[in-house]
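Only one structure is covered here, and it is reproduced in the block below.
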Amino acid sequence: MKDIVERLSDYDTLKKVYHENDAEHPYPSASALREIVDITRSILFPGYFGSPTFDLETLSYHIGVNVERLNTLLRAQVYAGLSFEPAENAIMNDKTLKHKAAIIAESFVNRLPQMRETLVSDVEAAYLGDPAAKSYAEIILCYPAIKAISNHRIAHELLLLGVPLVPRMISEMAHSETGIDIHPGATIGKYFTIDHGTGVVIGETAIIGDHVKLYQGVTLGAKSFPLDENGNPIKNLPRHPIIEDNVVIYSNATVLGRITVGEGAVIGGNIWVTNDVEKGAKIVQYKRG
């Protein structure tokens with residue numbers, strides 16, 4: 001046993017997967033982030049999540065309590081995320097980092113009304129696009145796409161505000177729950193819906209317009225990426241598709257590279273697309289005669 005412990009403690013074997021914890025600067029907490037997501041959902045969809053015992057007369061009070069709680073929790077987790085990225089924040093002292101975290105948390109809270117407006121459009125798109133849906137309540141409570149999209153909307157806003165690590169943790173929570181993998185860096189317009197959803201992958205630099213519908217198994221991925229002089233992938237290059245407004249992509253289609261799928265185009269199931277698709281085009285499989 002002693003030999004095993006020594007081998008497992010050998011720095012040369014663990015240096016690439018080792019993080020030295022600092023009690024003064026804890027890394028982000030998964031349980032706290034889950035609570036943040038839950039509280040945010042209760043604010044965005046009041047009555048469906050959180051306390052079910054309020055009405056319109058007490059709505060403002062309950063939302064106020066939740067907003068205060070959200071701000072407090074988020075400030076701490078943003079601070080943890082900023083502290084976890086010492087290379088970018090090394091020049092800041094602890095007081096400055098905490099002040100930055102407070103500003104970011106407040107900025108996120110200020111974006112909640114806009115976020116709700118966008119999510120309402122997503123719920124409407126799911127309801128109108130699925131004849132099996134009986135009510136908005138069913139969409140909000142049952143559809144995995146809304147869970148994944150709401151997590152993405154939260155994560156994306158935090159990423160835009162410059163928060164490290166935390167957005168990816170929030171997106172991966174939805175990924176593990178729903179099987180829908182949306183990178184927080186992806187830009188997604190209003191009235192977005194994913195039917196069924198399992199196996200959908202949307203890459204970091206994908207741009208999706210309004211009124212876009214994806215089916216299960218769709219991949220918006222990268223075809224290839226350049227390497228630096230050391231053979232490592234060059235980061236932050238646009239490498240995922242641009243999907244314009246009113247596009248439908250059916251199940252198990254794979255769309256790769258920085259290509260554009262034009263407005264109103266339809267891509268059929270099980271299609272491999274690596275070139276631009278013209279506006280209004282229909283790309284489907286066909287049987288050879």
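Hydrogens, waters and symmetry mates play no part in the numbers below; they use all other heavy atoms, side chains included. If you read the sequence from its start, that first residue is 1, and numbering goes on from there.
Grouping the Ile, Leu, Val, Met, Phe, Trp and Tyr side chains by contacts below 4.5 angstrom, directly or via other members, places L70 apart from L160. Under a hydrophobic clustering in which Ile, Leu, Val, Met, Phe, Trp and Tyr are joined whenever their side-chain heavy atoms come within less than 4.5 Å, directly or via other members, V248 and I243 fall into different clusters. L159 and I103 fall into different hydrophobic clusters, where Ile, Leu, Val, Met, Phe, Trp and Tyr side chains are chained together by heavy-atom contacts under 4.5 Å. V37 is connected to I149 through a chain of hydrophobic side-chain contacts under 4.5 Å among Ile, Leu, Val, Met, Phe, Trp and Tyr, so both are in one cluster. Both I283 and V247 belong to a single network of hydrophobic side chains, linked directly or stepwise wherever heavy atoms of I, L, V, M, F, W or Y lie under 4.5 Å apart.
In this structure, the side chain of Q216 does not engage the main chain of V200 through any donor-acceptor pair within 3.5 Å. K134 places a side-chain N or O within donor-acceptor distance of the main-chain N or O of A132, the cut-off being under 3.5 Å. Side chain of E263 to main chain of G280: no donor-acceptor pair is present (N/O by atom type, distance under 3.5 Å, no hydrogens or angles). Of the possible polar contacts, none joining the T13 side chain to the S9 backbone as a donor-acceptor pair under 3.5 Å is found. Although no hydrogens or angles enter the test, the distance criterion places a donor-acceptor pair under 3.5 Å between the side chain of D228 and the main chain of N230. In this structure, D245 contributes its side chain and D210 its backbone to a donor-acceptor pair below 3.5 Å. In this structure, the side chain of T205 engages the main chain of R239 through a donor-acceptor pair within 3.5 Å.
Taking CD1 of I242 as the reference point, atom CG of D276 lies at 8.5 Å (rounded to 0.5 Å). Between the CD atom of E204 and the CG atom of L237 there is a distance of 10.0 Å, given to the nearest 0.5 Å. We find the CE-CG distance between M169 and L165 to be 5.5 Å, quoted to the nearest 0.5 Å. One distance of note links NE2 of H175 with CG of N151; it measures 12.5 Å at 0.5 Å rounding. A distance of 5.0 Å separates CG of L33 from CD1 of I170, quoted to the nearest 0.5 Å. Between the CZ atom of R69 and the OG1 atom of T40 there is a distance of 12.0 Å, given to the nearest 0.5 Å.
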**Study point:** Pair K100-T96, side chain to side chain contact (heavy atoms under 4.5 Å, CB included): steps then yes or no
**Key:** CA-CA 6 Å; K100 181 177 180 180; T96 303; 5.6 Å; no
Exercise for review: May I have the step-by-step check of side chain to side chain contact (heavy atoms under 4.5 Å, CB included) for I43 and V67, ending in yes or no?
Suggested key: CA-CA 7 Å; I43 295 169; V67 166; 3.8 Å; yes
Practice item. Kindly indicate, with the supporting measurements, whether the criterion side chain to side chain contact (heavy atoms under 4.5 Å, CB included) is fulfilled by R168 and S171. Key: CA-CA 5 Å; R168 192 61 187 269; S171 67; 3.7 Å; yes
Review point. So V261 and I267, side chain to side chain contact (heavy atoms under 4.5 Å, CB included) or not? Walk me through it.
Key: CA-CA 9 Å; V261 178; I267 297 177; 4.0 Å; yes
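The pair R153-E157 does not meet the salt-bridge criterion, since no charged nitrogen lies less than 4.0 angstrom from a carboxylate oxygen. Electrostatic pairing of E106 and R75 does not count as a salt bridge here, judged by no charged N lying under 4.0 Å from a carboxylate O.
Taking 4.5 Å as the limit, every side-chain heavy atom of V201 sits out of range of all side-chain heavy atoms of I182. The side-chain heavy atoms of R41 and L44, taken from C-beta on, include no pair separated by under 4.5 Å. When side chains are defined from C-beta on, F108 does not count as touching N71, because their heavy atoms never get closer than 4.5 Å. Between V163 and L82 the shortest side-chain heavy-atom distance does not fall below 4.5 Å.
Under the side chain to side chain donor-acceptor pair (under 3.5 Å) criterion, E177 pairs with K147, sequence neighbours left out. Residues meeting the side chain to side chain donor-acceptor pair (under 3.5 Å) test with Y127, sequence neighbours left out: none.
Around atom CG of N236, no more than 12 heavy atoms belonging to other residues, nucleotides or ligands sit under 6.0 Å away. Atom CD of E138 has more than 12 heavy atoms from other residues, nucleotides or ligands within 6.0 Å.
When all heavy atoms of Y250 and V266 are compared, the closest pair comes out as CE1-CG1, 3.6 Å. The two residues Y215 and S251 have their closest heavy-atom pair at CB-N, 3.5 Å. Minimum interatomic distance between H240 and L220 (heavy atoms only, all atoms of both residues): CD2-O, 3.7 Å. Smallest separation of non-hydrogen atoms from G203 and A186: O-CB, 3.5 Å. In terms of heavy-atom proximity, A222 sits nearest to L256 at O-CD2, 4.0 Å.
When L214, I180, D181 are each tested for a side chain to side chain contact (heavy atoms under 4.5 Å, CB included) with I202, only one passes: L214. Exactly one of V65, L59, N66 qualifies for a side chain to side chain contact (heavy atoms under 4.5 Å, CB included) with I63. That residue is L59.
For D130 and Y143, the side-chain atoms include at least one donor-acceptor pair closer than 3.5 Å.
For residues 251-285, there are no ring-ring contact (aromatic ring centres under 6.0 Å, His included) pairs, not counting sequence neighbours.
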